[in-house]
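Heads up, the thing below is written out as structure tokens.
To find a chain, count down the sequence lines: A is the first, B the second, and so on, and within it residues start at 1.
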Amino acid sequence: MHKLYTLGLLVLFLSGCASYSNSFQKIESLLVQQKPQEALVELEKNPASGRDRLLYLLDKAMLQRMSGLFAESNTTFEEAKELIAALRATSLVEQAGAVTINDSAVSYEGEDFEQVLIHVYEALNYIELGQLDEARVEALQVDERLKQLSEGEDNLKDDAFTRYLTGLIYEAEYELDEAMIAYRKAYEAYQGESEAVPLLLKKDLLRLSYQLGLMDEFVKYKKAFDMDDGFIEDAIGRGEVIVLFHAGLAPIKRSTSVFVNTDDGVPVRISLPVYQSRRLAFSSARLTVGEVTVALEVMNDIDAIARASLESHKAVMVARLIARTMAKAAIARQAQKQGGEFAGLLFDVAAFATETADTRSWLTLPKRIYLSRLPMDDGKYQASLSLFGQQGELIRKVNLGLITVESGEKTFIEKTVIALPSIQ
Amino acid sequence: MKRKMIVMAMATILATGLSACKTTTVERVDTDSVQDLSGNWNDTDSRLVSSRMVSDMMSRKWLTNYQVKNGKNPVLIVGAVRNLSHEHINTRTFINDLERELINSGEVEFVASSKERGEIRAERQDQAANASMGTQNVAGEETGADFMLKGQINTIFDAAGDTQVKYYQIDLTLISLKDNRKVWLGQKKIKKVLETGRFR
């Protein structure tokens, strides 16, 4: 009987690392109520130190920036970066755990796109702090990271939005040639992704190639985009309002089970993570600054990127899961031979219970990042976002306050909306 | 009997778990000692670069030219040192290192930076209103700087496999405030090679 207890204990201990995504409910409900400070307090009650440390740091940094603590958020992001650098070296102990227990036995290193987004949000924090040179440091770092990823075996496609944002930073630093390179890379990347090339980027390519005197390129773009270039003279030299709108929450991983028969006909269960999207309460958005209104464009669909990323390493994951399940089954058969029916059954139960999918992911990321740029004359303007439903009906107006525009300068405005609670 | 064994086994596990808690140890080291931890820009780089570059600056022609022509030491001010590198470098400590080296050289005079000047002017205004006539420092007698020192830090970063190469280039320029002439250009390079482990 004692054996059973011990085994039960073992199972409890191993599966004790319950699905990460389940423990997120309370924080999510606070975020939906637009209470990031309280969500931060809630998160900090359980600081993870082990294998989920990176997730804790990422969520913390994100909640800090949502609470307006930009400098603190960057300190946390820097800690996360150091951790990733340390985790890049493979741990033999953890790998053994991943082979015999489940994928959650390995420290979470972050998906490639998540690692890239650390730089993006750190850069945005520096922009909020008015430290453009430091935001430029992040642009250089992420440039290096993307280069490494494209050369690595995973062959991550270039990240279009990240390229675009680095272009924005260089432009704000008056480095137009650097910005042009970044926009070109963003253009290539958006073409590679299924989504269409944003109109904003087309305008930027036309304007910058014109400003830099790259007339061949300008003509090429003008032909490809079939656009009127009257906006260029209108934009050069004026101030500009740039609005970044982070909407909703990234998809959450859930565990699903699939039964597979091994060669000797024993049914085994493998658990796969699948993404479950989170709903966005509106379908389009417009920006109003003073008397002018423009549409916001989806520049980064994190939901889609996350799904594509999971899909890209699904084959490797399934192969690993089947191998592990077979190994567990072999141990159970061995136990059955030596310890009888009951022992075999116990090991089968243990194998079944420990086989959970790795559902860890950075959950405080937005579902989408919208962007809009608007050239404006000097002055102070009231700004707001209007959110529309599927039938084009106005759902909500979000006030952005009074903003100041200076000629030749860029004014960055950020807004995060997780959900639209029914009570205003 | 078996129960006792289980209890003992669990106690052992608990004990090993607890003994894993480390106690903090502190060791004091000389601030001049070189300690490379991550390969990033650190205090040693800041100190070495500032002292080398300032001593180069002090040994060049512009200084004696100025002293001979004007019969006094030039007055300097440090402007911005821009960080255009891959790293978040604290340029303020670097600027402080530069200022210290410059002042201690004894060859140049130094005036407060624009930020510090604001604070000092406020104090002078306060003196004008509250201090006795004999001890007042009046406005309009500030020393204007003759030269401004500006600079930037750039990096080139390269990585392949487990090896990384970091190359820093620090450029400083001394500009005459009278006529925008560049009287001295200094450059210092640092190259670091990093090897990272494959396993932990």
Side-chain angles (χ1 to χ4, degrees), chain A residues 1-10 13 49-50 71 74-75 77-78 81-96 106-107 109 119 122-123 125-126 129 131-145 147-149 151-153 169-170 173-175 178, chain B residues 1-14 16-18 20-22 37-42 79-92 94-95 150-170 194-200:
Chain A
M1 223 30 209
H2 282 304
K3 254 189 206 162
L4 188 65
Y5 285 146
T6 332
L7 192 70
L9 213 82
L10 187 76
F13 173 68
S49 56
N74 277 349
T75 312
F77 274 134
E78 282 298 315
K81 277 192 209 161
E82 275 173 34
L83 182 62
I84 290 171
L87 289 175
R88 210 160 281 158
T90 315
S91 160
L92 297 175
V93 178
E94 285 182 4
Q95 284 304 324
V106 182
S107 287
E109 286 180 54
H119 297 285
E122 207 176 324
N125 282 345
Y126 280 119
L129 291 167
Q131 300 175 357
L132 272 180
D133 275 358
E134 298 302 307
R136 190 184 179 280
V137 168
E138 287 304 318
L140 292 179
Q141 282 186 5
V142 79
D143 198 47
E144 191 56 43
R145 184 81 193 110
K147 197 171 89 192
Q148 280 171 11
L149 287 173
E151 285 165 357
E153 53 244 51
I169 294 168
Y170 293 130
E173 291 265 73
Y174 308 104
E175 296 172 79
E178 294 277 343
Chain B
M1 188 58 199
K2 268 188 183 162
R3 173 182 285 261
K4 207 174 175 184
M5 271 172 71
I6 290 170
V7 170
M8 273 174 67
M10 288 187 77
T12 322
I13 291 166
L14 209 70
T16 28
L18 288 176
C21 307
K22 273 189 249 169
L37 298 175
S38 60
N40 290 342
W41 177 270
N42 60 18
V81 175
R82 283 187 77 192
N83 172 20
L84 300 176
S85 76
H86 284 76
E87 275 170 43
H88 295 293
I89 290 172
N90 188 343
T91 50
R92 253 169 293 168
F94 180 61
I95 290 172
K150 287 172 69 67
Q152 51 179 254
I153 303 172
N154 280 287
T155 51
I156 300 172
F157 181 82
D158 199 15
D162 302 331
T163 311
Q164 295 177 357
V165 177
K166 285 184 175 182
Y167 174 87
Y168 297 85
Q169 182 172 316
I170 301 94
L194 276 71
E195 297 280 344
T196 49
R198 234 178 247 268
F199 299 109
R200 66 187 145 89

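With values rounded to the nearest 0.5 angstrom, B/Thr91 atom OG1 is found 8.5 Å from A/Asp133 atom CG. Interatomic distance, A/Arg136 CZ to B/His86 NE2, rounded to the nearest 0.5 Å: 9.0 Å. Rounding to the nearest 0.5 Å gives a distance of 5.5 Å between CG of B/Asp158 and NZ of A/Lys147. The structure places CG of B/Asn83 at 5.0 Å from CD of A/Glu134, a figure rounded to the nearest 0.5 Å.
Annotation: side chain of B/Arg82 is in contact with side chain of A/Glu173 (closest heavy-atom distance under 4.5 Å). B/Gln164 places none of its side-chain heavy atoms less than 4.5 Å from the side chain of A/Glu144.
Residue A/Gln131 does not touch chain B at all, counting heavy-atom pairs closer than 4.5 Å.
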